**Student:** 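Have a look at the structure that comes next, please.
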2 protein chains.
Amino acid sequence: MTVHYNCAKCKDRLCIHKVPIFSSLDSEDLRKIMGLISHSEYKKGETIVFEQEEPDSVIIINEGSAKAYKNTADGREQILYVFSEGDFFGEQNLFTGQPSTYTVEALQPVKICKLSRKQFQELLYRFPDIAVKIIVELGNRMTRLENALQSIGVRNVDNRIGIILLEFAEKYGTKNEKGTIIHLPISREGMANYLGVARETVSRKLSQLENEGIIQSLNNKEILIPDMDRIEELAGV
Amino acid sequence: MTVHYNCAKCKDRLCIHKVPIFSSLDSEDLRKIMGLISHSEYKKGETIVFEQEEPDSVIIINEGSAKAYKNTADGREQILYVFSEGDFFGEQNLFTGQPSTYTVEALQPVKICKLSRKQFQELLYRFPDIAVKIIVELGNRMTRLENALQSIGVRNVDNRIGIILLEFAEKYGTKNEKGTIIHLPISREGMANYLGVARETVSRKLSQLENEGIIQSLNNKEILIPDMDRIEELAGV
DNA sequence: CGGACCATTGATAATTGTCAAAATTCGTGG
DNA sequence: CCACGAATTTTGACAATTATCAATGGTCCG
């Protein structure tokens, strides 16, 4: 992990510009906040926050993506979130003082911005709008969790595969004339841990979908979806 | 559903006293807020909020309990929360303006307190502490959801049964000399929908646990647990 | 006491997990 | 740019678990 203070590179790509919770502030205020922020970089596979650790700052992802997971009783890891550019975490611990409930690990080289507890709390007092923004963002994240819980509770694994493909298509998809290409942020094993099924089951289901012409595997990290409607059908929407 | 305004009964059992988000207010302020609140009652099985409906108020459970669930693609219901005395919901929709993401249905006769959108927002401006309290409470609920996601992702159903028993023991358990008695808020089918398994599987697993002497079924709604340690072992803690 | 509802049990089918081996992909260094 | 080895993914065979269907047994109320 590498730490930069007032990293010059970030001056033109203000990380806080990307964060919805700061969106109500004007450029002047943003510039002031910028001075408070410290930057770090992590290599792929490095851990940003450990479960049970007490983080003392809010962390905003500026570049790259990271997975948040918990270890289950049977020794696997259950992925809770895949954070990418603009997502933040650690805010909960600042209020409750409780240790992190999950581990966050870089899936790619990751650049983050850090705001300390004290600075963050000052911001909340100075800009009350931010608190409301946070409530909204937490609400959104809860909705996502509720959906995940719903889909993982669906016994039909085919549906779940469809749901995860829809989610990733929206977050990591690009469209071209042949359809939508999903740039998967996680491996097959990661998908399995996200879905709560075995690695091999994911392989089999994806192969099956490929045979049916619903998807086309370009390489391990890219999937082409010619017709998104068929995925929605699969997901049971 | 029956509506009371300024219901006399509640005067001595102020529902808002039970709600953590109002805990920073003094009696004087609470009394003022009381005037803003309307009360309703629901019979068992009645729906308090429908999925897709746009609720215009925060609802606080004053007595009884309720389940929040979504209908899954394969026609089952996935229970997300079991709300009981002091829990609140509907706050998210007030900020985002989005329809409810789940249905809430009374599991028993339920008494609720209602605070309209406008009144709630006024409160937030007047008592900024409440916003922080809400962030904390949402954080707690997220942690619960994350745990649920983790446990439902555990492939081992025995573990999951253990986890749900621990959760209910904490929330709905009473202790006596023989051990802990859990007063189940939901039926076997409810437990199945909470766990994402078939009704019959819950029955079988519970029977198995009874044969092993780990639990003792007193009646359909009460389970005696002589030794909680064995449940924790089951849950894989 | 009777009926409606809920829970249990049994038998069987379907699904998924596990283990082992083969195939593919990826990254690195020549 | 290619080749090699490591890592990941896919596939196959089989075992284990759970869902489903059907029937029986209980329990709670009026």
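All figures in this text were calculated on a predicted structure; none of them were measured in a lab. Letters A, B, ... mirror the listed sequences (proteins, then strands); counts begin at 1. Scope of the values below: all heavy atoms of this structure, side chains included, with no hydrogens, waters or symmetry mates.
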**Student:** Mind calculating the distance between CD (A:E210) and P (D:dT11) to the nearest angstrom?
**Tutor:**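 After rounding, the reported distance stands at 9 Å.
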**Student:** Measure across B:I37 and B:L115 and return the closest heavy-atom pair with its distance rounded to 0.1 Å.
**Tutor:**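 In terms of heavy atoms, the two residues are closest at CG1-CD1, 3.6 Å.
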**Student:** What contact category does B:K205 fall into here, base, sugar-phosphate, or nothing, at under 4.0 angstrom with non-hydrogen atoms?
**Tutor:**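 Since only primed, P, OP1 and OP2 atoms lie under 4.0 Å of B:K205, the category is sugar-phosphate.
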**Student:** Grab the CD-P distance between A:Q108 and C:dG27 for me, whole Å please.
**Tutor:**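 About 12 Å, once rounded to whole Å.
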**Student:** Are the aromatic ring centres of B:Y102 and B:Y81 under 6.0 angstrom apart?
**Tutor:**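 Ring centroids of B:Y102 and B:Y81 are less than 6.0 Å from each other.
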**Student:** Whole angstrom is fine here: how far is it from NZ in B:K221 over to C1' in C:dT8?
**Tutor:**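 About 16 Å, once rounded to whole Å.
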**Student:** Rounded to the Å, how far apart are A:L218 CG and C:dT24 P?
**Tutor:**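 One finds 17 Å between P of C:dT24 and CG of A:L218, rounded.
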**Student:** Indicate the atoms forming the closest heavy-atom contact of A:K67 with A:E77, along with that distance.
**Tutor:**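 Answer, listing the atom of A:K67 first, then A:E77: NZ-OE2, 2.8 Å.
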**Student:** Return the value, rounded to whole Å, for the distance between atom CG of A:D158 and atom P of C:dA14.
**Tutor:**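 The answer, rounded to whole Å, is 15 Å.
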**Student:** With a cut-off of less than 4.0 Å, is there a side-chain N or O of B:R188 near OP1 or OP2 of C:dT8?
**Tutor:**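 Answer yes for this pair, as a side-chain N or O of B:R188 is under 4.0 Å from OP1 or OP2.
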**Student:** Could you check how far CZ of B:R160 sits from C1' of D:dA19, rounded to whole Å?
**Tutor:**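 It is 13 Å, rounded to the nearest whole Å.
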**Student:** Is A:S207 close enough to D:dT11 that one of its side-chain N or O atoms is under 4.0 Å from OP1 or OP2 there?
**Tutor:**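 For D:dT11, OP1 or OP2 has a side-chain N or O of A:S207 closer than 4.0 Å.
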**Student:** Go nucleotide by nucleotide along DNA chain C from the 5' end; which of B:S187 and A:N220 gets its closest nucleotide reached first?
**Tutor:**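 Nearest-nucleotide comparison on DNA chain C picks B:S187.
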**Student:** Quick check: are there more than 12 heavy atoms from other residues, nucleotides or ligands sitting under 6.0 Å from CD of A:E212?
**Tutor:**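 It does: A:E212 CD has more than 12 such atoms within range.
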**Student:** Any donor-acceptor pair, under 3.5 Å, between the side chain of B:R204 and the base of D:dT20, if you only look at N and O atoms?
**Tutor:**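 Yes, a donor-acceptor pair under 3.5 Å.
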**Student:** In whole angstrom, what separates B:K44's NZ from C:dA4's C1'?
**Tutor:**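 So the NZ-C1' distance, B:K44 to C:dA4, works out to 12 Å.
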**Student:** Is there a donor N/O on one and an acceptor N/O on the other, under 3.5 Å, for the side chain of B:E189 and the base of C:dC5?
**Tutor:**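 Absent.
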